[in-house]
Enquirer: 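Have a look at this one.
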Amino acid sequence: MTEPTHDEAHAGALGARLNWLRAAVLGANDGIVSTAGLVVGVAGATANRSTLFTAGLAGLLAGSMSMAAGEYVSVSTQRDSEKAALALERRELREQPEAELEELTQLLEERGLTREVAREAAEQLTERDALRAHARVELGIDPDELANPWHAAWASFLAFTVGALLPLLAIVLPPADWRVPVTVVSVLAALTLTGWSSARLGEAGPGRAMLRNVAGGALAMAVTYAAGLLLGAAGA
Ligand SMILES: [Zn+2]
């Protein structure tokens, strides 16, 4: 066990912020790809602007709400398990305070303090706010800053919506002949950017991530466009 350095302690807070940023980029990416696939597919079948707008807007709303609901459920579950862990900790502190003090002492020792200093620190932390000390040192969570499911849901909703707006506008704004080319080019450009950003935020090499991201989006649009053309030609 090595002592966490000053930089590592900061990396915790920074890491949390980067995770949010990465989730936002991925949410926007989802919004771009799924809405682009949808509107390009419909454009294969019809040139009617209001049909395209209706389909794109429905896709935007359905996708953003589905993302928000999924995020809400997953963060709520995480929050429940953190609350359960805190409740257990609270009970242990009440029922066996001496064992808990010893536990905290050992955890601090593992982080590089000498036995005496660890004991002294554990006593002071316990006196000030025992639950908070155990939550942070033992569980790695801050009881005052549990993840908020509503914030997470709202963030996903916004990220997806921002991404989805691009193909939606690109398919309805240009004149009929330009709709698909403008959408394809702007979507592939945006996917280059989101692929690059998510790779940078994840500290991976951006080249391949960009390529994969662009290829995925291009494939989605090609498949739905072909399906739309077939259905349109069949007069469906
Ligand atoms: Zn404990």
Side-chain angles (χ1 to χ4, degrees), residues 1-30 64-162 194 197-205 209:
M1 268 299 194
T2 54
E3 183 181 358
T5 63
H6 186 71
D7 280 350
E8 279 166 354
H10 276 284
L14 186 65
R17 213 170 307 150
L18 282 180
N19 280 341
W20 272 91
L21 207 52
R22 240 174 114 199
V25 171
L26 291 177
N29 200 75
D30 262 1
S64 56
M65 287 191 290
S66 150
M67 293 276 291
E71 198 60 19
Y72 182 84
V73 168
S74 111
V75 173
S76 294
T77 306
Q78 183 197 335
R79 191 185 171 97
D80 286 348
S81 66
E82 287 174 351
K83 278 186 172 168
L86 286 173
L88 179 66
E89 201 60 43
R90 199 176 285 122
R91 207 181 72 202
E92 286 174 352
L93 282 166
R94 197 173 54 230
E95 289 173 359
Q96 38 184 331
E98 199 42 52
E100 286 296 302
L101 182 62
E102 175 56 27
E103 180 189 51
L104 188 58
T105 305
Q106 282 178 14
L107 286 167
L108 292 171
E109 258 189 286
E110 280 171 18
R111 299 195 167 190
L113 299 181
T114 63
R115 171 84 202 163
E116 288 133 48
V117 176
R119 180 75 185 189
E120 174 69 25
E123 278 169 0
Q124 284 189 23
L125 287 168
T126 301
E127 206 169 305
R128 199 171 302 160
D129 188 340
L131 181 64
R132 192 183 171 83
H134 281 259
R136 298 189 86 153
V137 178
E138 192 185 335
L139 307 173
I141 57 182
D142 185 336
D144 298 328
E145 284 180 23
L146 296 186
N148 183 323
W150 284 109
H151 289 177
W154 187 230
S156 300
F157 181 90
L158 274 184
F160 187 98
T161 299
V162 167
T194 53
S197 317
S198 71
R200 293 300 300 160
L201 292 168
E203 288 177 6

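Position 1 is the first residue of the sequence, and the numbers go up from there. Counting starts at 1 for both ligands and their atoms, following the listed order.
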Enquirer: With the Zn ion (ligand 1) as the point of reference, which N/O/S atom of Glu89 is the closest?
Expert: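 Nearest N/O/S atom of Glu89: OE2.
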
Enquirer: Within the 4.5 Å heavy-atom criterion, are Ser76 and Tyr72 side-chain neighbours or not?
Expert: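 Yes, at least one pair of side-chain atoms sits under 4.5 Å.
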
Enquirer: Which atom name does Glu100 have for its N/O/S atom nearest to the Zn ion (ligand 1)?
Expert: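 Result: OE1.
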
Enquirer: Check whether any side-chain heavy atom of Met67 lies under 4.5 Å from a side-chain heavy atom of Phe157, and answer yes or no.
Expert: no

Enquirer: Output the atom name for the N/O/S atom of Glu138 with the smallest distance to the Zn ion (ligand 1).
Expert: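 For Glu138, the N, O or S atom at the smallest distance from the Zn ion (ligand 1) is OE1.
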
Enquirer: Suppose we only allow N, O or S atoms; which atom of His134 ends up nearest to the Zn ion (ligand 1)?
Expert: ND1

Enquirer: When you measure from the Zn ion (ligand 1) to each N, O or S atom of Glu103, which atom gives the shortest distance?
Expert: OE1

Enquirer: Identify the two heavy atoms, one from Ala122 and one from Leu108, that lie closest to each other, and give their separation to 0.1 Å.
Expert: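 Heavy atoms of Ala122 and Leu108 come nearest at N-CD1, 3.8 Å.
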
Enquirer: With a 4.5 Å cut-off on side-chain heavy atoms, are Leu146 and Lys83 touching?
Expert: yes

Enquirer: Side-chain donor-acceptor pair under 3.5 Å between Glu102 and Gln106, yes or no?
Expert: yes

